[in-house]
Amino acid sequence: MDDKFLKPYDSKETEGAIYKLWEDSGFFNPDVCVEKGITDSEAESFSIVLPPPNVTGTLHVGHAAMLAIEDILVRFNRMRGKRTLWLPGTDHAAIATQEKVEKNIYKEEEKTRHDLGREVFLKRVEDYAQESRDTIVGQIKRMGSSIDWSREAYTLDKARNLAVRTAFKKMYDDDLIYRGHRIVNWDPKLQTTVSDEEVEHVEEKTTFYYLQYGPFVIGTARPETKFGDKYVVMHPNDKRYEEYKEGQEIELEWINGPIKATIIKDKAIDMEFGTGVMTITPWHDVVDFEIAERHNLDKEQIIDYKGKLLPIAGEFAGQHIKKARALIVEKLKSKGLVVKTDENYIHNIATDSRGGGVIEPQIMMQWFIDVNKEFKLPYSEINGIASGEMVTLKKLMIHVVENGQVEIIPDHFSKIYFHWINNLRDWCISRQIWYGHRIPVWYRGDETYTGVEAPEGDGWKQDEDTLDTWFSSGLWTFSTLGWPEKTDDLKRYHPTDVLETGYDILFFWVARMILMSTYLTGQIPFKKVYLHGLVRDGQGRKMSKSLGNIIDPVDMSDKFGTDAVRLSLIVGTAPGNDSKLSEDKIRGYKNFANKLWNITRFVLENTEEINTENIELGAWQQEQIKEFEKTLEEITGDIENYRFYLAGEKLYHYAWHIFADKIIEESKVRLNGSDEKDKSATAIMLQEILHKLLKALHPFMPFATESIWQHLPKSKMKGREILMVEKWPI
RNA sequence: GGACGGUUAGCUCAGUUGGUAGAGCAACUCGUUUACACCGAGAAGGUCACAGGUUCGAGUCCUGUACCGUCCACCA
């Protein structure tokens, strides 16, 4: 027996060397597995893409959970003989990364991106992204991920940029991308638009004002937007206002003097709310915008892109809306127009979840993806939709989930998904930031050119805007496999088998991937979506810097070993549910790694000297092996059905409380007995169960099992040199 | 306002098609000269949130209620 087993299992000493062993073997790459005869060249493939972590920082424990689940899937399928690809990468996270680098530069040099200029600034962001990428890759390796580094991608590298330009051009030609004046979410702080999904509604207590507006009383929480209000709207069935007719004009005294207001009747008005009458500000409110569109009303901009009032505000022009509100209220009061105030009004304010600015809706010229437009899908492998059939993007997104071609786990998220799509509006994809894929459109005078490559000739100027980061992420399952080229990888590994990601990006990412993939490739992007929950602290609180309760996965790996961290993130964690993590839990699994180590020690010490040639097993030994195989079958089924928490727990229970506590204890008696045949049979049984147990545990705790495997006496080993590519034991 | 979850042992959670309630951790008792104290043996601990219903039988299915959580939403 190797002397190593005389001391407790030391994860720190072994993990680095084990990862190097795997990496050097080349077996993370499925092509190498085929070349070296590990995987059958005709084998079915199994592929997943890594949800690319943002290059804004370092990995957190949520990433560690994701990596653990994906690595289990990958190792399991590899051991089952499938041609298994796990493809890594990182995400440029446009706004988030730019924002972070801008902050750093301002802190260090008090310069803005405009001081540096586009080119210099982008170089700085690239440097930052590269550094962050290196850190992240190191962390992914620390977690034991058996991922194919030879295929690593970046959402903003050359190959992905070609995919983005190709996708844009195609959508543009199909009229699915259009440019137009529409109301968008404008972040005055970051000076860019953001998508509807990025807007976060936060409740805030504020004052609600009831204002005299001619014969009416209107309510508002934002008096500073009311300057341009020249339409007064009520429900057509509201009996209280029967005497007022649509289109009727009334003269009234308003903030800056007398104005003429027009009566509008619209069913969007809630008769129960306030007085049942409101004025509208179409330029800065989505509902108002839609009312104005329906009745063909004028729209006027009141607030500029920095949040300051425009000349329409008269004496208040040039003031920031935050400061102006109180002054405007004062003036309204002095004119006797404030009827009543409610100081405890709870108002939903829209903020940008990326940077925290308060969103000011604005009507702007922007690029959009039309989700309702009918078009002809040229090629389809989608069940129930034929090549050449007329569809919409919305229809594609709903269809593939509805018919089960894409299965969401847990199932109830499908309902949330449908609900979201049914309320989906056109996706604003242009951003006024620099870090990202530049929109592949060029202008010259009145001419516009859209293409994969820049147009020939002089005087063309490319659109200044970049694309929403999720546009390129949406292409991730196939852009990483070589699309738009028709590569072998694409043919072999797409659609991917599983997408494993957090439920928090179901809309941002999962839905967008389904949209892009079905449209551009005619294939679903993945067969299953496995959604994991949030990892919270031991008390169920969200981990955050301000609470100081962040558990760093690398720290925990140093302290307890990566296997312990992985198991603690798997067991007790059902898909779609948030889970709790504490150091105590991790410690428990560190003990388990050591238990396994000592189980091995016992088996080696007590079977080495025993003859195991040509021995038939007795009834008891056969029974133990049969029982174990039954358990293994159950566990295999659990993994196949994405119940990793059950599989992990069952293996833990079997190893500790059946194999160690029962079988080994009973074996002690037999090994000390006088029946030589029974001794040999027991030794064989112990070895066999141990070997199978190591294989079955390998996806869950790869380091400890591989480390043990490497120290088993070579003379008695029948299998392969590296446990990672051994065959699954059942 | 709408939708989706959850409520099972002190804590964290399992409980797959309805058939006498399970695991880990913690707490309790006992045990240490050889696999492991990063250990073993043993015992204790639950009206399965509540109220109805279906059934021979309900933690599991149906209806309603309460509380907790999450997401979505254009109530000025």
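Proteins get letters first, then strands, A, B, ... in listed order; numbering begins at 1 in each.
A/Asp229 and A/Thr281 share a donor-acceptor pair across their side chains, judged by distance under 3.5 Å alone. Residues A/Tyr503 and A/Asp578 have side chains that bring a donor and an acceptor to within less than 3.5 angstrom of each other. Side-chain atoms of A/Asp352 and A/Asn185 form no donor-acceptor pair, as typed in the model, at a separation below 3.5 Å. With 3.5 Å as the limit, one finds a donor-acceptor pair spanning the side chains of A/Thr562 and A/Glu15.
One interatomic measurement links the two molecules: CZ of A/Phe659 to P of B/C39, which rounds to 18 Å at whole-angstrom precision. Per the geometry, CD1 belonging to A/Ile416 stands 17 Å off P belonging to B/G2, to the nearest Å. The CG atom of A/Asp270 sits 13 Å away from the P atom of B/G2 (whole-angstrom rounding). Between A/Asn577 atom CG and B/A14 atom C1' the separation is 12 Å, expressed in whole Å. If you measure from atom CD of A/Glu290 to atom P of B/C75, you get 12 Å, rounded to the nearest angstrom. Whole-Å rounding puts the A/Asp661 CG to B/C39 P distance at 11 Å. Nucleotide B/C4 holds its P atom 15 Å from the CG atom of A/Leu506, rounded to whole Å. A/Asn422 places its CG atom 17 Å from the C1' atom of B/C74, with the value rounded to the nearest Å.
Between A/Tyr642 and B/U16, a side-chain N or O to OP1/OP2 separation shorter than 4.0 Å is absent. Taking side-chain N and O atoms only, A/Asn591 has a distance below 4.0 Å to OP1 or OP2 of B/C39. Contact between the side-chain N/O atoms of A/Lys595 and the OP1/OP2 oxygens of B/G40 is found at a separation under 4.0 Å. One finds a side-chain N or O of A/Tyr345 lying less than 4.0 angstrom from the OP1 or OP2 phosphate oxygen of B/A76. Close to B/C71, at under 4.0 Å from its OP1 or OP2, lies no side-chain N or O of A/Lys415. Contact check, A/Arg425 against B/C74: a side-chain N or O comes under 4.0 Å of OP1 or OP2. Between A/Lys580 and B/U12 there is a side-chain polar atom (N or O) within less than 4.0 angstrom of OP1 or OP2.
With both ends at atom P, the span from B/A49 to B/U8 equals 6 Å, rounded to whole Å. Separating the P atom of B/C61 from that of B/A73 is a span of 31 Å, rounded to the nearest Å. As rounded to the nearest Å, B/G52 and B/U16 have C1' atoms that lie 28 Å from one another. As rounded to the nearest Å, B/A51 and B/A44 have C1' atoms that lie 32 Å from one another. To the nearest whole angstrom, the two P atoms, one in B/C50 and one in B/G10, are 14 Å apart. Atom P of B/A43 sits at a distance of 30 Å from the matching atom of B/A58, rounded to the whole Å. B/A26 and B/G64 have their P atoms separated by 43 Å, with the value rounded to a whole Å. Going from the C1' atom of B/U63 to that of B/A23 covers 33 Å, rounded to whole Å.
Here A/Tyr645 lies in heavy-atom contact (under 4.0 Å) with sugar-phosphate atoms only. At the heavy-atom level, A/Gly276 lies under 4.0 Å from base atoms of the strands shown. Residue contacts shown for A/Ala574 are limited to sugar-phosphate atoms, with no base heavy atom under 4.0 Å away. Among the heavy atoms of the strands lying under 4.0 Å from A/Leu646 are primed sugar atoms or P, OP1, OP2 only; no base atom is included. As judged by a 4.0 angstrom heavy-atom cut-off over every strand, A/Lys668 is placed among the base-contacting residues.
Considering only the side chain of A/Phe273, B/A76 comes nearest among B/C36, B/A76, B/A73. The A/Phe208 side chain lies nearest to B/A76 when the options are B/A14, B/A76, B/C38. For A/His419, the listed nucleotide lying nearest its side chain is B/C72; candidates were B/A76, B/C72, B/U70. In this structure, the nucleotide among B/U16, B/A35, B/C75 sitting nearest to the side chain of A/Arg643 is B/U16.
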task: Encode nucleotides 23-30 of chain B as B, S and - characters from 5' to 3', where the letter depends on protein heavy atoms closer than 4.0 Å: B to the base, S only to sugar-phosphate, - to neither.
output: SS------
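Side chain of A/Thr341 to main chain of A/Glu343: no donor-acceptor pair is present (N/O by atom type, distance under 3.5 Å, no hydrogens or angles). A donor-acceptor pair is defined here as one N or O able to donate and one able to accept, closer than 3.5 Å; such a pair exists between the side chain of A/Tyr417 and the backbone of A/Met397. Using a distance-only test at 3.5 Å, with no hydrogens or angles considered, a donor-acceptor pair links the side chain of A/Asp537 to the main chain of A/Gly540.
Nucleotide B/C75 has no partner under the Watson-Crick or G-U criteria, as no pair reaches both atom distances under 3.5 Å. As the counterpart of B/C61, B/G53 is assigned, both hydrogen-bonding distances of the Watson-Crick or G-U wobble pattern falling under 3.5 Å. The pairing partner recorded for B/U32 is none, the criterion being a Watson-Crick or G-U wobble arrangement whose two distances lie under 3.5 angstrom. Pair assignment for B/G24: B/C11, on the basis of Watson-Crick or G-U wobble contacts that are both within less than 3.5 Å. B/C67 is paired with B/G6 under the criterion used here, namely a Watson-Crick or G-U wobble arrangement in which both key atom distances are under 3.5 Å.
Ring planes of A/Phe208 and A/Tyr210: perpendicular class, angle over 60° (limits at 30 and 60°).
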message: side chain to side chain contact (heavy atoms under 4.5 Å, CB included) for A/Ile663 and A/Ile658? Distances and angles first, verdict last.
response: CA-CA 6 Å; A/Ile663 298 176; A/Ile658 307 288; 4.1 Å; yes
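Residues A/Thr275 and A/Phe507 both approach RNA chain B. Their nearest nucleotides, taken by heavy-atom distance, put A/Phe507 toward the 5′ side. Take the nearest nucleotide of RNA chain B for A/Glu272 and for A/Asn594: the residue whose nucleotide is more 5' is A/Asn594.
Side-chain contact between A/Pro575 and A/His532 is absent, with no heavy atoms from C-beta onward closer than 4.5 Å.
The base of B/A35 sits with one of its N or O atoms less than 3.5 Å from a complementary donor or acceptor on the side chain of A/Glu665.
Annotation: cation-pi geometry not satisfied between A/Arg566 and A/Phe700 (NZ/CZ under 6.0 angstrom from ring centroid, within 45° of ring axis).
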